[in-house]
Amino acid sequence: MLKNRNCGELRGEHTGQQVTLAGWVNRRRDLGGLIFIDLRDHDGVTQVVANPAVSQEVLRVAETLRPEYVVQVEGTVNPRPAGMANLDLPTGEIEVVAHHIQVLNAAKTPPFLIHREEDELEALRLRYRYLDLRRARMQRNLLIRHRAVKFIRDYLDLRGFLEVETPILFKSTPEGARDYLVPSRVHPGKFYALPQSPQQLKQLLMVAGVERYFQIARCFRDEDQRADRQPEFTQLDLEMSFVDREDILQLAEGLMIGMVAHACEKRTSTVPFPRLTYAEALARYGTDRPDLRFGLELVDLTAVAGRSEFRVFREAAESGNVVKGLCAPGCSDYSRKQLVELEALVQEEGAKGLAWVALNPDATVRSSVAKFFSQELMADLLAAAGAQPGDLLLVVADRTAVANAALDVLRREMALRLDLIDRRELAFAWVIDFPLVLWNEQEQRWDPSHHLFTSPQEQDIPLLETDPGAAKSNQYDLICNGFEVGGGSIRIHQRELQEKVMRLIGLTMEQARAQFGHLLEAFEYGTPPHGGIAPGIDRLVMLMAGEPNIREVTAFPKSQNAADLMANAPSEVDSGQLKELHIRLDL
RNA sequence: GGGGGCGUAGUGUAGCGGUUAACAUGCCGGCCUGUCAAGCCGGAGAUCGCGGGUUCGAAUCCCGUCGCUCCCGCCA
């Protein structure tokens, strides 16, 4: 080894030791006759002193050093002179007095400073990702990710799980997201697809008698990017045989709690994880992945508001739409301008307008709809909303889906404005009792709410024939801080039921056989009841690291249009390669 | 596919119709033995993302285009 100590570990107790360090020049402070070098490696920073009283040669070398030079330093650990300790640095009570400095490699001036984060254009960081990753923040994120995955492996190993790799070159199915395709050289005109998840394969492993499987699995989906979506991402994919929902929830909950405690500084604030039904989540928060770090719950005001003279409210109530709202505490003094801002927010979600009622601290009322409400009815409305003096009641009347979407946005906005979010918290919860299928208005058909291997709840199987939309499934989502961080289900393990669900979502038997024949066939050879879950590693690490997007916790992420700005991928290939793959371009 | 934001020395920003294109930092050189965002002095460094247009004159206004980003659609 070119070093026998890391740059983050030396303390006062090491005083007098001869050490060899190696790393990068973080910063050089040249006082003329005395030079300080902050030497950085993956572990931290140590101050090295080049003192001519110790060695003229060392000072001469130190003068030539520049940021990001790679150097090896041999020296003695010394306590810093009285009053010279740097309390901001873990290694700040000592310094290494260099006897010898060797330049292992010089460096060009980097395009940005490693030791200072200046909010560079992200394109620049991505182009020089190997430099960006040298920064303490990125090193910390990589460490959190490593610890999380290490914890997962240990936790599952201890519970009898087997880690099994599944193919990356697999089969395309038109269901779900767009596939990444890989042309076959030996099968002209045919393509592999990169897996959107190892869903089918892990179910086949259950048929194979593995019973407890997991994989840290790369998944690929050719869809447009978001802050929490990359074209390739990582899931903890796991599946168990002979289990019911409770088994999976307990296992995953213990895993999450342990992982958070082990990998980061955040605290899991909701233990045991609350369980919300899908219907309850939508009713109380307007979304199936609410941020539970704060309250601001939605209230249904349809009954009271429908009794008013306000046509928008009355028609909503009469036509089966809803009037819903939320109380923003202490906001009764909101100005016209502020209210216009909030209204613009809900209009982006399709709401036509935003009604408001300010209950002043002196109990008087100011409202956009005051003239349509008698004094009694206004009192009823405020009571129904649970408004306290000083509150601002914000109300949307619309189709349920629109009102919920609008109030979800409003709820999150008010939480930010009122500073209700504790950033040290991770508020996990389960969402259960999802509908099995959702009506796709555009295609005029039923789509699976989760995926087509999800089983309906036992008592709802008859509904598949009569009222499919009312049938609940054995799907469960794991949510945290407003993100969906995992989803799973108890699967269908019987061919007849699987075929029934396929028919329901409009797959012909020919399509089903072509796409899933291997699975359906497997189901005839003794398939155990099974189920699983797939938590998203990138999102979980993002939340644990307190980062705003998953690129910050991905070593080499892609840009929004799915490009690798460092390697310049995707790129053109030469015509010979295309010919071999039987591909002609049509651009 | 649609909407919003950003793009000016290496980097981060200011300038928003006439400036020698400014400031900070970094870089280069000089001075400096207790610094840790070291300090002081000096210097170099920008066809203002790219293309077109309007104008006597464009970093600035207009159109287009490229890149990054946020959101909607999409993401079983």
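Just so it is clear: chains get the letters A, B, ... in the order the sequence lines come, proteins before strands, and each one is counted from 1. Quick caveat: nothing in here was measured; it's all calculated off a predicted structure.
Of the listed residues (A/Arg134, A/Arg135, A/Lys108), just one forms a salt bridge (Lys or Arg N to Asp or Glu O under 4.0 Å) with A/Glu68, and that residue is A/Arg134.
As a whole-Å value, the separation of A/Arg27 CZ from B/rA37 P is 8 Å. Put simply, CG on A/Asn51 is 11 Å from P on B/rG34, counting in whole angstrom units. Here B/rG73 presents its P atom at 15 Å from CZ of A/Arg178, a figure rounded to the nearest Å. The separation between A/Leu565 atom CG and B/rC66 atom P is 16 Å, rounded to whole Å. One interatomic measurement links the two molecules: CG of A/Leu121 to C1' of B/rU69, which rounds to 9 Å at whole-angstrom precision. For A/Glu349 and B/rC71, the CD to C1' distance is 9 Å, given to the nearest whole Å. Rounded to whole Å, the distance from CG on A/Leu39 to P on B/rC36 is 19 Å. Between A/Asp88 atom CG and B/rA38 atom P there is a gap of 12 Å when expressed in whole angstrom units.
The base of B/rC74 does not come close enough to the side chain of A/Arg221 for any donor and acceptor atom to sit less than 3.5 Å apart. In the interface, the side chain of A/Arg226 is paired with the base of B/rG73 through a donor and an acceptor atom under 3.5 Å apart. Side-chain atoms of A/Arg28 and base atoms of B/rC36 include no donor and acceptor less than 3.5 Å apart. Taking only distance into account, the side chain of A/Glu118 never meets the base of B/rU25 through a donor-acceptor pair shorter than 3.5 Å. The base of B/rG34 is paired with the side chain of A/Glu95 by a donor and an acceptor separated by under 3.5 Å. No hydrogens or angles were tested; on distance alone, nothing pairs the side chain of A/Asn561 with the base of B/rG67 as donor and acceptor under 3.5 Å.
Residue-level contact check: A/Gln560 touches the bases, meaning some heavy atom is under 4.0 Å from a base atom. Within the 4.0 angstrom heavy-atom criterion, base atoms lie near A/Pro52. Within the nucleic acid shown, A/Arg127 has no heavy atom closer than 4.0 Å to any nucleic acid atom. Nucleic acid contact for A/Ser197: base, since at least one base atom lies under 4.0 Å from a heavy atom of the residue. If you check every strand for non-hydrogen atoms under 4.0 Å, A/Leu31 touches a base. Residue A/Asn86 is in base contact, counting any heavy-atom pair closer than 4.0 Å across all strands shown. Using a 4.0 Å heavy-atom distance criterion, A/Phe112 is classed as making no nucleic acid contact. Counting any heavy atom pair closer than 4.0 Å across all strands shown, A/Asp30 reaches a base atom. Within the nucleic acid shown, A/Leu124 comes within 4.0 Å of sugar-phosphate atoms alone, with no base atom in reach, counting heavy atoms only. Here A/Pro448 lies in heavy-atom contact (under 4.0 Å) with sugar-phosphate atoms only.
For the 3.5 Å distance criterion, the side chains of A/Glu547 and A/Asn141 qualify, holding a donor opposite an acceptor.
Comparing the C1' positions of B/rU54 and B/rG64 gives an interatomic distance of 15 Å, to the nearest angstrom. Here, B/rA14 and B/rA21 have their C1' atoms 10 Å apart, quoted to the whole Å. If you take atom P in B/rA38 and the same atom in B/rG1, they sit 48 Å apart, rounded to whole Å. If you take atom C1' in B/rC66 and the same atom in B/rG29, they sit 39 Å apart, rounded to whole Å. For B/rA9 and B/rG43, the C1' atoms lie 14 Å apart once the distance is rounded to whole Å. Comparing the P positions of B/rU13 and B/rC6 gives a spacing of 12 Å, expressed to the nearest Å. A distance of about 16 Å separates the C1' atoms of B/rU11 and B/rC48, rounded to the whole Å. Here, B/rG73 and B/rG51 have their P atoms 37 Å apart, quoted to the whole Å.
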| field | Verdict with supporting geometry, A/Arg60 and A/Glu57, salt bridge (Lys or Arg N to Asp or Glu O under 4.0 Å) | value | CA-CA 5 Å; A/Arg60 253 200 356 264; A/Glu57 171 66 15; 2.6 Å; yes
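Side-chain nitrogen and oxygen atoms of A/Thr109 include none within less than 4.0 Å of the OP1 or OP2 phosphate oxygen of B/rG26. OP1 or OP2 of B/rA38 sits under 4.0 Å from a side-chain N or O of A/Arg29. Between A/Gln196 and B/rC75, a side-chain N or O to OP1/OP2 separation shorter than 4.0 Å is absent.
When distances run from any side-chain atom of A/Ala177 to the nucleotides B/rU25, B/rC70, B/rC75, the shortest one goes to B/rC75. Comparing B/rC68, B/rU11, B/rC36 by their nearest atom to the side chain of A/Met84 picks out B/rC36.
Remark: B/rG42 base-pairs with B/rC28. Criterion, Watson-Crick or G-U wobble with two distances under 3.5 Å. For B/rG17, there is no paired nucleotide, since no Watson-Crick or G-U wobble pair has both relevant distances below 3.5 Å. For B/rG7, the paired base is B/rC66 (Watson-Crick or G-U wobble, both distances below 3.5 Å). When Watson-Crick and G-U wobble pairs are counted only if both distances are under 3.5 Å, B/rC23 pairs with B/rG12. With a cut-off of 3.5 Å on both pairing distances, B/rC36 has no Watson-Crick or G-U wobble partner at all.
Under a 4.0 Å N-O distance rule, the pair A/Lys472/A/Asp433 does not qualify as a salt bridge. Looking at A/Glu521 and A/Arg513, no side-chain N of the basic residue comes within less than 4.0 Å of a carboxylate O on the acidic one, giving no salt bridge. Looking at A/Arg129 and A/Asp132, a side-chain N of the basic residue comes within less than 4.0 Å of a carboxylate O on the acidic one, giving a salt bridge. In this structure, A/Glu552 pairs ionically with A/Arg125, as a charged nitrogen and a carboxylate oxygen lie closer than 4.0 Å.
In this structure, A/Asn549 contributes its side chain and A/Arg551 its backbone to a donor-acceptor pair below 3.5 Å.
Using cut-offs of 30° and 60° on the angle between ring planes, the pair A/Phe112 and A/Tyr128 is perpendicular.
Heavy-atom distances to RNA chain B give each of A/Gln225 and A/Gln47 a nearest nucleotide, and the one nearer the 5′ end belongs to A/Gln47. Toward the 5' end of RNA chain B, the nearer of the two residues A/Asp447 and A/Pro67, judged by each one's closest nucleotide, is A/Pro67.
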